[in-house]
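Throughout, protein chains are lettered first and strands after them, A, B, ... in sequence-line order, and every chain is numbered starting at 1. Excluded from the calculations below are hydrogen atoms, water molecules and symmetry mates; all remaining heavy atoms, backbone and side chain alike, are included.
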Number of protein chains: 2
Amino acid sequence: MGEEKYKLFDAEHKFMDIVWNHEPINSTELCKICNEKLGWKKSTTYTMIRKLSDRGVLENKDATVRALVKREEVQQYEIEALLEKAFDNSIPAFVAAFLDAQTLTEEEIREIKKMIEEASK
Amino acid sequence: MGEEKYKLFDAEHKFMDIVWNHEPINSTELCKICNEKLGWKKSTTYTMIRKLSDRGVLENKDATVRALVKREEVQQYEIEALLEKAFDNSIPAFVAAFLDAQTLTEEEIREIKKMIEEASK
DNA sequence: GAGACAAGTCTATTACGATAGACCCCATTT
DNA sequence: AAATGGGGTCTATCGTAATAGACTTGTCTC
């Protein structure tokens, strides 16, 4: 954990969202989508592909781009990073902020409880 | 919600942690602490005070600095921002990532359940 | 064999958050 | 009256993430 692979900057994150939603995807096609959704020029997309490829976040083989890290892994890293940065690693404070920030429905509450049960078995 | 007041950059956040932990605090004293804990020069601290003051994050009156936004408000904003940025606002995905990222003890699980009960009444 | 287009690199430039140096005013001390 | 220290501003500079322009190579087609 704490790997450089998982720490994504904002632009990198937006880009990876597209990759995760379309992989495996042809690089030229990816340029097209990034231009539509992010307004990026071709070279910007290729620069991003190269940087993330160097860091092992994705691979570009025979013009086909694939993620090497899972969305879920990055999400877990982001939770941990936030927990440390803004909550001094206090789990109760984190949960409290979550509960206050969200207006949860009965249904959501039921689901969350169930997930906790599952996780703690 | 979504206010500019709540979005803090990294350096701003570290700085506000110090303010929250010491307020109300004399500005010269604050410079001293920022130098010790962050290695900042005096002008860096005052620049930070001015910027955050302009945005309504804190106030500096008669050389006494006080936060105008609560730590809890910022924490809630951060949760929401992360939820949107990395989880496409999916609460189940967020909870799942949290449960996977943390190895919770029996005690913590009990506490979390209790907090959910409280919040949903 | 001249265009056209896919696939990509290499080297800037831009934007902006982070940080600080030089300077100012005023009160107190020596 | 000069030195010291508190309280502060104003205007850079620095670092680096974000973005792109110009160029290259190869293949296919007309």
Could you go through nucleotides 16-18 of chain D and list every protein N or O atom that sits under 3.5 Å from one of its N or O atoms, giving the distance for each pair?
residue : atom : partner : partner atom : Å
D/dA18  : OP1  : A/A11   : N            : 3.1

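- The two residues A/A86 and B/Q75 have their closest heavy-atom pair at O-NE2, 3.0 Å.
- For the pair B/E117 and A/K113, the salt-bridge criterion is met [side-chain N within less than 4.0 Å of a carboxylate O].
- Between the side chain of A/T47 and the base of D/dA20, a donor-acceptor pair under 3.5 Å is found.
- Each of A/S43 and B/N26 was assigned the nucleotide of DNA chain D with the nearest heavy atom; the assignment lying further toward the 5' end belongs to B/N26.
- As rounded to whole Å, 15 Å separates atom C1' of C/dG8 from atom NZ of A/K32.
- Identified under the side-chain hydrogen bond (donor to acceptor under 3.5 Å, both in side chains) test for residues 48-65 of chain A, with sequence neighbours left out: A/E12-A/R55, A/R50-A/D54.
- Here the C1' atom of nucleotide D/dG7 and the NZ atom of B/K61 are 17 Å apart, to the nearest Å.
- In this structure, A/I49 places its CD1 atom 10 Å from C1' of C/dA7, rounding to the nearest Å.
- Below 30°, between 30° and 60°, or above 60°: for B/F87 and B/F94 the angle between ring planes is above 60°, a perpendicular geometry.
- Phosphate contact (OP1/OP2 of C/dT9, side-chain N/O of A/R50, threshold under 4.0 Å): present.
- Taking only distance into account, the side chain of B/K42 meets the base of D/dG8 through a donor-acceptor pair shorter than 3.5 Å.
- Taking the six-membered ring where the residue is Trp, B/W20 and B/H13 present perpendicular rings, their angle passing 60° and hence far from 30°.
- The CG atom of B/L38 sits 10 Å away from the P atom of C/dA20 (whole-angstrom rounding).
- Distance, B/K41 NZ to C/dT19 C1': 10 Å, rounded to whole Å.
- When the shell of 6.0 Å around NZ of A/K85 is examined, it contains more than 12 heavy atoms from other residues, nucleotides or ligands.
- A straight line from CG of B/L52 to P of C/dT19 spans 13 Å, rounded to a whole angstrom.
- In this structure, the CG atom of B/N35 is 12 Å from the C1' atom of C/dA20, given to the nearest Å.
- Atom CG of residue B/D10 and atom CZ of residue B/F15 lie 15.0 Å apart, to the nearest 0.5 angstrom.
- Of the side-chain N and O atoms in B/N60, one or more sit less than 4.0 angstrom from OP1 or OP2 of D/dG8.
- Side-chain atoms of B/T28 stay outside donor-acceptor range of the base of D/dG7, with no qualifying N/O pair under 3.5 Å.
- When the C1' atom of C/dC25 is taken as reference, atom OH of B/Y46 falls 13 Å away, rounded to whole Å.
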